[in-house]
Amino acid sequence: MKDGFVKVAAVTPKVKVADPEWNVHQMIERAEEMAAVGVRLLVFPELSVTGYTCGDLFLTDTLLKGAREALYEFLYQTAELDMVCVLGMPLEKGGSIYNTAVVVSGGRVLGVVPKSNLSNYEEFHELRCFSPGEGDMGDVLLGDDRAPFGTKLVFQDTWVPEFIFGVEVGSDLLGISQPSSVHCMAGALLVVNPSASSEYCDKSDYRRGLVVGQSGRCVCGYIYAEAGEGESSTDVVFAGHNIISENGHLLAEREPFSGCEPIISEIDLNRLRHVRRHFTVYPRGMDALVENYRKIVFDIGVPVETILTRDVPRFPFVPESEEERQRRAKEITNIQVAALKKRMEHLGCKDVVIGLSGGLDSTLTLLVATKTFDRMHLDRGGIHTVTMPGFGTTDRTHDNAVKLAKELATDFREIDICAAVRQHFSDIGQSEEEHDTTYENAQARERTQILMDLANRENAIVLGTGDLSELALGWATYNGDHMSMYDINASVPKTLVRSLVEYHAEKTEDSSLSAVLKSILETPVSPELLPSEDGEIAQKTEDIVGPYELHDFFLYHMMRTGAKPSKILRLACHAFRGVYDEETIEKWLDIFMKRFFSQQYKRSCLPDGPKVGSVGLSSKGDWMMPSDASDSLWRIHN
């Protein structure tokens with residue numbers, strides 16, 4: 001449970017229809033197995049104690065009593081397990097029979113949740129045997145204990161208050177108003193669903209969409225356990241299609257007809273809380289809906305560290321699948337093009353100025369500009385590209401900048417800044433032999449001055465090239481490359497910049513352009529402000545501030561999931577195992593936090609730029625932080 005992770009599982013054991021004793025024996029074995037690997041919340045399918053397909057046998061005393069006796073056996077055999085289990089069984093109360101989910105832990109029944117939306121169409125005939133549950137229905141006597149009974153129950157751990165869950169059963173999820181939505185309004189961060197959904201062609205896609213979509217709408221974790229092997233095949237078949245989802249993302253899935261192995265993952269409760277805090281459309285103050293809810297407290301022992309098995313992507317801003325990567329790249333390009341088109345139309349501007357360095361960021365800016373001009377039916381001659389060699393410019397980056405500008409048919413010019421910078425050094429008394437911050441920043445500011453003045457001359461706007469990662473680190477010269485008239489890369493992190501340039505290199509039919517883009521992709525990231533004796537790049541950014549793949553990982557989890565530094569370190573060690581050791585990750589994480597806080601003043605006065613993803617640093621909306629806020633709580637040892 002450390003860092004808010006709770007290990008959960010969905011299990012579909014094989015059943016014998018109408019044989020509760022045999023079924024529960026299978027369930028006890030699976031519960032013991034899951035407890036041994038640290039599972040804290042285990043969900044079995046709907047009516048798993050008896051089997052879902054018992055038909056009119058549900059109306060018999062023999063089956064109902066057999067189910068109760070089997071439940072007592074499960075309670076006795078699992079009393080020492082540090083976990084909560086959810087079982088499905090028929091239960092009689094007040095002369096009616098209910099299709100229920102029974103929540104148990106520590107040898108006792110915590111509560112019983114009856115199904116609300118009974119399936120009574122096509123192959124389903126639940127109203128023939130069961131009555132629907134609704135609201136607070138009092139208590140039910142199970143053995144010597146009374147347990148809360150009703151649909152308005154949530155269950156909360158004593159030691160970890162954010163471990164709070166609600167239960168809906170099967171087709172409760174299909175209703176216009178789902179019980180899970182109200183559970184979450186009442187504070188539940190997790191929803192479990194013991195279900196029995198028959199299988200037919202394409203239904204698994206529909207089912208997956210329902211579960212994943214509901215977890216996104218409710219900002220919750222959702223554990224779905226479906227009936228499977230052993231159910232009667234008289235009319236239909238059940239496939240054991242189990243799903244674990246978190247806030248609209250699929251964490252684990254047991255494909256239909258793939259056996260009885262459990263699916264296990266870890267739900268990040270702290271992340272869910274963070275998202276709900278920021279998600280202002282999330283319903284609050286719904287007192288009428290959540291009144292009369294009963295909160296049932298359970299105790300599964302002092303929290304221990306949860307071993308992570310869930311996938312933690314190394315590149316959270318870049319999709320893992322090639323298909324999704326290309327779809328995302330196309331979407332982001334359209335956003336950037338639409339944004340630049342609107343800005344140019346608003347200003348009545350038909351020209352832009354771009355400083356080309358031969359690096360990734362300015363390359364992406366130029367690619368977006370050319371697509372914008374094409375969409376606006378403007379001559380690409382209105383794109384004024386400028387390369388400005390300085391003291392550290394290498395032949396490789398210079399040549400790539402020249403080739404790129406010409407391949408894209410822009411108005412290209414080259415302006416060497418060395419003489420102007422030397423004059424400036426003379427004016428301020430700076431030695432050219434002293435390679436300090438002044439030496440570097442004077443070159444960056446000279447380039448910006450050239451671009452701004454050219455824009456005035458051409459009645460154009462300067463397009464910025466800085467990206468989100470550089471803004472997070474403050475890796476920009478204040479009033480140098482920090483400044484522009486519009487920055488279309490402002491919310492694109494470095495790892496995504498690389499992915500977008502790769503996309504354009506793959507999509508172009510121009511082999512010469514593709515070759516230039518691939519050469520740029522292979523070039524180390526560098527500001528090239530320090531001179532080189534051997535003609536190679538002397539100043540590699542990632543040697544100075546750290547690998548961008550780590551910094552983008554840190555940025556994502558700080559901003560998007562609200563993780564504290566120690567949790568970010570843990571996640572990074574899990575994601576980058578075999579790539580970086582913990583000491584290295586910790587070093588760069590500490591540098592990231594220090595720079596993130598110290599460089600806020602640069603982000604407080606940024607030029608406009610479009611938001612393309614869920615993380616942004618614009619001080620006008622995405623990230624409002626005082627420029628002099630303390631970083632003490634965000635350093636790695638706190």
Side-chain angles (χ1 to χ4, degrees), residues 6-17 23 26-27 29-31 33-34 37-39 41-48 51-53 85-88 101 119 122-124 168-174 180 190-216 220-233 235-268 308-313 319-325 327:
V6 57
K7 192 178 290 290
V8 301
V11 176
T12 301
K14 186 174 181 179
V15 300
K16 285 186 177 180
V17 177
N23 295 335
Q26 310 305 309
M27 295 163 72
E29 287 186 352
R30 304 319 289 271
E33 292 170 5
M34 294 300 96
V37 296
V39 169
L41 178 58
L42 172 60
V43 186
F44 293 104
E46 182 177 0
L47 296 170
S48 48
Y52 179 80
T53 49
C85 298
V86 181
L87 296 69
S119 299
E122 297 174 351
E123 68 265 30
F124 299 105
E168 62 185 3
V169 181
S171 56
D172 283 346
L173 176 59
L174 303 180
S180 53
L190 293 168
V191 174
V192 303
N193 186 330
S195 180
S197 172
S198 59
E199 201 65 33
Y200 51 75
C201 289
D202 295 329
K203 191 174 182 181
S204 60
D205 291 339
Y206 171 70
R207 184 185 301 116
R208 184 187 306 107
L210 283 174
V211 172
V212 174
Q214 185 67 356
S215 76
C220 69
Y222 202 107
I223 305 99
Y224 180 92
E226 187 195 53
E229 189 174 350
E231 291 287 358
S232 172
S233 60
D235 295 301
V236 293
V237 173
F238 297 85
H241 183 199
N242 295 343
I243 303 167
I244 299 175
S245 179
E246 176 187 287
N247 190 28
H249 299 280
L250 183 68
L251 294 184
E253 179 179 23
R254 174 64 57 195
E255 292 291 337
F257 305 109
S258 60
C260 297
E261 288 302 307
I263 58 169
I264 303 173
S265 192
E266 299 80 38
I267 303 291
D268 190 343
L308 296 181
T309 61
R310 63 184 277 171
D311 179 46
V312 179
E320 293 183 337
S321 76
E322 181 63 21
E323 180 181 357
E324 177 62 16
R325 187 181 71 85
R327 188 197 67 79

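Predicted, not measured: the structure shown is a model, and the values here were computed from it.
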Pairwise distance [atom1]([X]) to [atom2]([Y]) - rounded to 0.5 angstrom:
X	Y	atom1	atom2	answer
Tyr222	Ile244	OH	CD1	13.0 Å
Leu250	Asp311	CG	CG	11.0 Å
Ser258	Glu229	OG	CD	10.5 Å
Leu47	Thr53	CG	OG1	9.5 Å
Glu168	Leu173	CD	CG	5.0 Å
Gln214	Ser180	CD	OG	3.5 Å

For the residue pair Thr12 / Asn242, report whether a side-chain donor-acceptor contact shorter than 3.5 Å exists.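 Yes, because at least one side-chain N or O of Asn242 sits under 3.5 Å from a partner of the opposite role on Thr12.
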Regarding Glu226 and Tyr52, do their side chains bring together a donor and an acceptor under 3.5 Å, going by distance alone?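 Tyr52 and Glu226 do not have a side-chain donor-acceptor pair below 3.5 Å.
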Identify the two heavy atoms, one from Gly38 and one from Lys7, that lie closest to each other, and give their separation to 0.1 Å. O-CB, 3.5 Å
On a heavy-atom basis, the closest approach of Thr309 and Ser265 is OG1-CA, 4.2 Å
Donor-acceptor pair, [X] side chain versus [Y] backbone, under 3.5 Å?
X	Y	result
Ser198	Val236	no
Ser233	Val237	no
Ser171	Leu174	no
Asp172	Val169	yes
Ser215	Gly248	yes
Arg254	Pro262	yes
Asn23	Val15	no
Glu246	Asp268	yes

Check whether any side-chain heavy atom of [X] sits under 4.5 Å from a side-chain heavy atom of [Y], and report yes or no.
X	Y	value
Leu190	Leu41	yes
Leu251	Ile267	yes
Phe238	Ser197	no
His241	Phe257	no
Pro256	Ser204	yes
Ile264	Val37	yes

Carboxylate-amine/guanidinium proximity below 4.0 Å for Glu253 and Arg207: no
Are Arg310 and Glu266 close enough for a salt bridge, meaning some N to O gap below 4.0 Å? no
